Asks: 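Here's a structure for you.
Just so we're clear, the structure is a prediction, and the values are computed from it rather than from any experiment.
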Amino acid sequence: MTIAIARQLARTAAVVVLAAGTAQAQGYRVYASNEYDANVTVIDPDTQTATGTIKISGRPGDVRPRGMAVSPDGKTVYISVSDFLPKTETPEDAIVAIDVDRNEVAHTYRAGGNPERVAISPDGKQIWAALEATAQGVGFDAATGAELAKFPTGVESEGVVVSPDGRFVYVTAETSHTVTVIDAQKLKVVAHLLVGNRPRDVVFARDGTRAYVSAEIGGTISVVDASKHKVVKTINLGLDSRPVGMDLSPDGKLLYVAGGGTSAVYVIDTTTDKVAHVIKEKMGRRPWAVAVSPDGSRAYTANGLSDSVSVIDTSCMCVTGQIAAGRGTHSVRVGLVDAN
Amino acid sequence: MRQGPLLSRRRLLAAGSATAALPLTPRVRAQEAAPLRIGAVLPIAGSTIPTSRVNLRAVAEAARMGLTLGEEDANRNGELMGATMALTIANAPGPEAAARAAQRLVARDKVSVLVGGFTREEAEALSGVASRTGALFLNIGATSDALRHACNANTFHIEASAAMYVDAVFGWFIRAGYRRWYLVHDDSPEGQDQHERCLVSLKERHWAAKVAGRGVLRQDDSRDFAPVLAEVAAAEPDVVLLLTDWRTQLNFLARYEVSGLTAPVTGFPEPATQMRDFYLASREMAQVAGSGYRAALWEATLDAYGAREVNARFNARWGRPMDPPAWAGYVAVKIAFEASLFAGGKDSAGIAAYLASEQALFDVSKGIGMTFRRWDHQLRQSLYLVKINPDATPSLELDAILARAALVGELPAIYMPGTEPVERLDQLGEIDPSRACN
């Protein structure tokens, strides 16, 4: 696969320069997948500008990069790549690994089945993907690319996450309203549990005791007891919220939820399970994903209808900037770079 | 049956803090053996019924395909939770045959859910069987507002009501500047009801528009359109609305075209007129007048909100686009199965109670959760505006069939941050929150 980083000098962007004195514990870059441009926008958080793109395919509109995940060391960003033909197997169905230091594609894992989202085990040895077209969750050996196992989920599987202890994989399925629980070590299905209506994304709490599942049509977040794999609470965000992507603050105390229906980010206090903030003003249109910076000072949203990334300052819980990305900005993730 | 207050944003947000687990977790026990039994009564007429307005074979076939895909998806999903369903299809054209078939399905095949209703009379017959036997009836093809007014406790409507379609058609056209309307209806009770509903809609919701004239046709297969065409010519309307059956619409369009009249024509979207084969026929009968804008319950080229995936599954399964009657059949099975799962049982009373409850929220690939109105058991939903392609071809290639029409509008719009979704969906149809079906 050819590699290119194109300078986006012609792109206009609302830029917010980092306030002087802001210290980053570790450098990072922000990556945004652009579903209809078949590329990934690379963003420098210091200048809050897009510094280039990484081409995933030369066939935008046919090839479709969507969900992303980051390796435990932050040095590799994985992207699930599929196409717009749910019932047709194409060569593009793959997991693409981007080396953050070099901003280059480092590896491609053939996936099949229109992978929509991807997750990495805490030890970096397993890659898991939700195959939307074939209603399956699939695991790969990250070193060899060999398929470990494939499991049936509900129809239209989407979200996938690995527990912090590496033991379990949760895969959501949109039409069955379920989460399939896979034992990642024994490679077998443990349970299926019903969550909210049309579940999309799933994340584990930092300590692994809970998981959170967003339900787009239900407008809810299901709180799962991860030791029992059971829903113990449901947080209502409202029928119109249409929550999709989520991310936790580094300390795990805040859950950021992208609400595509209301173009808002809901910030949930995980100690009380109450909505602490709703960030709407100046938000891009239809935020579908959110990623929190390593120091928790910022959150970034991927906005599919404004083709942009919104920057949230978490000290004021307000949007302080917009960065132009590509067409159909779908997901956003943070990759770590050496601070110097 | 418990009747709760309307869903409201305030109520939902009031519960926006942590809540105890809502009854989203089903009470289905694993390894449950008996399936949910659903019986569909479809007018898959034999070749003995001539091509006429009463021959709804194409519509029924589409519904059959949708129902079958619905069963397959439901069983695939249900397998995860130890729940299954079984679909039985009865071929029964006409209300008397439909009633007999439905009674057999309940008595012999032990179905708890009936699906069907492609005319007002058929739907009334099936609703009657549901009332007498306790089965649940899901109406997937009858638009009559009279059915909604009847408000039977065990009857729920997935097909949009005539009032919803009329409001949608007026909404699109009047906003586009078409204000003088010529209404053509037949002399059937349904035709007259639709005409009356048009007058109500114009009076109460679309004050910028008015009726330029009215024409009445006999509900038969005659083609005596000359008097009405002359009146249309004299009235010089902005648009003509045909409140007739599918066959009369086609015949009228042909005569309209050759008469030289140029005002756009649209027709009441009964299910047969929403099929892509109808779109082709309309264009072939009248290349200009027959290539206009039509309202639809579903559109096979929708690619948002999960519609791409369900349309693709249908295309792959059947080699045909998912016409709206197919979508309605698919959704009927989906709704019945999910209701059974969340209600915790397969008995029709429990499922009906769930459908009427506040918790009953369904994803039908239209971008927002849909609920049933408590005052008429009508599924709230958005409708679509499509434009028939004047260059449509008779090719049977899938892409060519899809190209016979294109999506141009949605009403109400789904993406409208800051508006209350239930109120938004209630822009269409009859609104009477003081009533409740018993």
Asks: Identify which part of B:Glu338 has an atom lying under 4.5 Å from any heavy atom of chain A, answering side chain, backbone, both or neither.
Replies: side chain
Asks: Which atom names give the shortest non-hydrogen contact between B:Leu361 and A:Ile217, and what distance separates them?
Replies: CD2-O, 3.5 Å
Asks: What distance separates B:Arg76 CZ from A:Thr153 OG1, expressed to the nearest 0.5 Å?
Replies: 7.5 Å
Asks: Which heavy-atom pair separates A:Asn197 from B:Phe362 by the least distance, and what is that distance?
Replies: ND2-CA, 3.9 Å
Asks: What residue in A:Arg285, A:Lys230, A:Glu216 has the most heavy-atom pairs under 4.5 Å with chain B?
Replies: A:Arg285
Asks: Quick one: closest heavy-atom pair of B:Arg308 and A:Pro86, and the distance?
Replies: CG-CG, 3.8 Å
Asks: About how many Å separate OH of B:Tyr415 and CZ of A:Arg242, when rounded to the nearest 0.5 Å?
Replies: 9.0 Å
Asks: Pick one of side chain, backbone, both or neither for A:Ile268, based on which atoms fall under 4.5 Å of a heavy atom in chain B.
Replies: neither
Asks: Can you tell me how far CG of A:Asp240 sits from CD of B:Glu423, rounded to the nearest 0.5 angstrom?
Replies: 11.0 Å
Asks: Between B:Arg313 and chain A, with a heavy-atom cut-off of 4.5 Å, which part of the residue counts as in contact: side chain, backbone, both or neither?
Replies: both
Asks: Output the option from B:Gly367, B:Ala74, B:Ser365 having the highest count of non-hydrogen pairs under 4.5 Å with chain A.
Replies: B:Gly367
Asks: Rounded at 0.5 Å granularity, tell me how far CE in B:Met81 sits from NE2 in A:His177.
Replies: 11.0 Å
Asks: Side chain, backbone, both or neither: which part of A:Ala264 has a non-hydrogen atom closer than 4.5 Å to chain B?
Replies: neither
Asks: Give the minimum heavy-atom separation between A:Pro152 and B:Leu80, together with the two atoms involved.
Replies: O-CD2, 4.3 Å
Asks: With no hydrogens and no angle check, just 3.5 Å: does a side-chain donor-acceptor pair link A:Thr175 and B:Asn77?
Replies: yes
Asks: Say you draw a straight line from OG of A:Ser263 to CE of B:Met416; how long is it, rounded to the nearest 0.5 Å?
Replies: 12.5 Å
